[in-house]
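Structure record follows, encoded as structure tokens.
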Amino acid sequence: MILGIESTAHTFGVAVVENGKILSNIKDSYTTESGGIIPIEAAKHHSFVCDDIYKRVLKDAGISEDKIQAVAISNAPGLAPCLLEGLKFAKKIAKKLHVPLVPVNHCVAHLEIGKLTGAKDPVLLYTSGANTQIIAYASGKYRVFGETLDLGVGNFIDTFGRYLGLGFPAGPKIDKIARKGNYIELPYSIKGMDIAFSGILTKLRDMIESGKYKREDLAYSMQETIFVMLVEAAERALAHTGKKELLLGGGVGCNSRLQEMCRIMCKERKAKFFCPEKSLLVDNA
Ligand code: ATP
Ligand code: FE2
């Protein structure tokens with residue numbers, strides 16, 4: 001019976017897992033009306049909600065505190081004030097219950113949660129806020145086959161959203177806005193299995209500032225361009241490793257169009273596509 005705690009960035013979450021089964025998984029996220037995450041403000045959010053979420057999780061899981069055998073905390077990477085807030089809370093509980101405190105790497109957790117889908121030996125397309133990597137397990141280790149050379153795809157989308165005056169997180173809003181758009185050609189930047197976003201972001205910022213384009217067209221074209229880059233890199237990794245499964249992970253994996261593109265690519269090359277449910281794609285305990 002393990003208590004999980006997540007606090008690396010925007011989200012504070014607590015969960016209870018018994019023998020690999022999720023009994024409860026509750027979170028509360030820091031959001032903004034406009035502008036991005038202010039780390040100190042996000043940390044204040046976490047300290048404000050932590051006790052309440054902990055109580056709700058115990059009730060929802062139907063267990064008492066004394067059943068907990070270990071406390072797992074996502075200890076890195078993340079925003080320093082948020083990490084500290086989570087660690088403080090996790091230490092308090094572990095000390096009170098006299099159970100071990102187990103550090104968990106946040107990125108590995110984003111990948112490992114995908115095992116719940118039944119994927120056995122996939123190429124992983126890891127698309128979260130600060131990270132974008134194409135990873136596969138080879139010779140007993142996770143190996144990075146390709147990655148972003150600058151921004152993480154989620155941070156790219158959220159920055160584009162900020163230029164449009166959308167609050168944080170912008171990804172889910174852009175997912176909807178893009179459905180009504182038409183295609184405008186944008187720069188395309190992929191080298192082997194590595195990708196770069198910053199030039200495309202500058203181009204989009206200039207296009208927004210020119211006032212000549214509709215935001216739905218920009219949103220649609222942005223998604224079509226960068227998701228094809230991700231899917232192209234993932235397909236190359238499938239071809240290179242000879243693996244037959246693709247597993248999407250990280251919060252951007254919630255995007256309906258990215259999921260659709262992955263599904264089409266996998267169908268065309270007779271690979272299987274796996275994607276965890278949304279609540280397990282975004283940050284969670
Ligand atoms: P990291 O795990 O790299 O440290 P993170 O913890 O911020 O980053 P997640 O919580 O996995 O990442 O994902 C958050 C990101 O997911 C945000 O950038 C958000 O905009 C994006 N996102 C969520 N839903 C969607 C969607 N439907 N379409 C596109 N992006 C989305
Ligand atoms: Fe994350």
Side-chain angles (χ1 to χ4, degrees), residues 4-13 15 25 27-32 34-39 42-43 45-46 73-83 86 104-114 124-135 144 147-148 150-164 166-179 181 197 201 216 218-231 247-262 275-285:
I5 298 173
E6 156 64 27
S7 82
T8 60
H10 37 78
T11 297
F12 187 87
N25 188 17
K27 66 182 172 73
D28 193 285
S29 298
Y30 165 87
T31 58
T32 72
S34 68
I37 310 179
I38 299 162
H45 161 271
H46 298 348
I73 171 79
S74 45
N75 72 325
L79 305 173
C82 303
L83 290 167
V104 176
N105 179 283
H106 179 76
C107 301
V108 172
H110 267 301
L111 300 178
E112 293 270 317
I113 195 83
L124 301 134
L125 178 55
Y126 170 34
T127 59
S128 63
N131 290 285
T132 304
Q133 295 182 323
I134 292 97
I135 299 175
V144 177
E147 61 187 325
T148 175
D150 41 40
L151 300 169
V153 63
N155 289 3
F156 167 90
I157 294 174
D158 292 328
T159 309
F160 167 72
R162 205 152 77 221
Y163 295 154
L164 289 175
L166 303 173
F168 176 85
K173 294 174 199 159
I174 289 171
D175 190 349
K176 291 205 179 76
I177 295 169
R179 289 175 203 168
F197 293 114
L201 188 59
E216 56 268 31
L218 291 173
Y220 175 73
S221 309
M222 178 278 284
Q223 286 199 169
E224 292 303 296
T225 305
I226 64 161
F227 293 160
V228 170
M229 285 161 42
L230 294 174
V231 173
L247 173 61
L248 189 58
V252 180
C254 295
N255 189 280
S256 56
R257 182 62 176 142
L258 177 57
Q259 289 188 9
E260 185 182 23
M261 282 189 193
C262 289
C275 183
E277 61 181 84
K278 280 189 182 181
S279 63
L280 302 178
L281 281 166
V282 289
D283 284 357
N284 73 92

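Heavy-atom basis, side chains included; hydrogens, waters and symmetry copies ignored. Each ligand, and each atom within it, is numbered from 1 in the order the structure gives.
Near ligand 1, heavy-atom contacts under 4.0 Å come from His10, His106, His110, Tyr126, Ser128, Gly129, Ala130, Asn131, Gly154, Asp158, Pro169, Gly171, Pro172, Asp175, Gly250, Gly251, Val252, Cys254, Asn255, Leu281, Val282, Asp283.
Side-chain N or O atoms of Asp150 include one that pairs as donor or acceptor with a backbone N or O of Phe197 at under 3.5 Å. With Thr132 contributing its side chain and Val153 its backbone, the two residues share a donor-acceptor pair below 3.5 Å. Proximity of a side-chain donor or acceptor of Thr11 to a complementary backbone N or O of Asn284 within less than 3.5 Å is not detected.
Put simply, the side chain of Tyr30 reaches to within 4.5 Å of the side chain of Ile38, judged on heavy atoms. Side-chain contact between Glu112 and Val104 is absent, with no heavy-atom pair separated by less than 4.5 Å. Using a 4.5 Å cut-off on side-chain heavy atoms (C-beta onward), Glu260 and Phe227 make no contact. Residues Asn105 and Pro77 are in side-chain contact: their nearest non-hydrogen atoms beyond the backbone lie under 4.5 Å apart.
Taken from CD in Glu224 to CZ in Arg257, the straight-line distance is 4.0 Å, to the nearest 0.5 Å. Leu248 CG to Thr127 OG1: the interatomic distance, rounded to the nearest 0.5 Å, is 5.0 Å.
Counting only distances under 2.8 Å, and ignoring water, the protein N, O or S atoms around the Fe ion (ligand 2) are His106 NE2, His110 NE2, Asp283 OD1.
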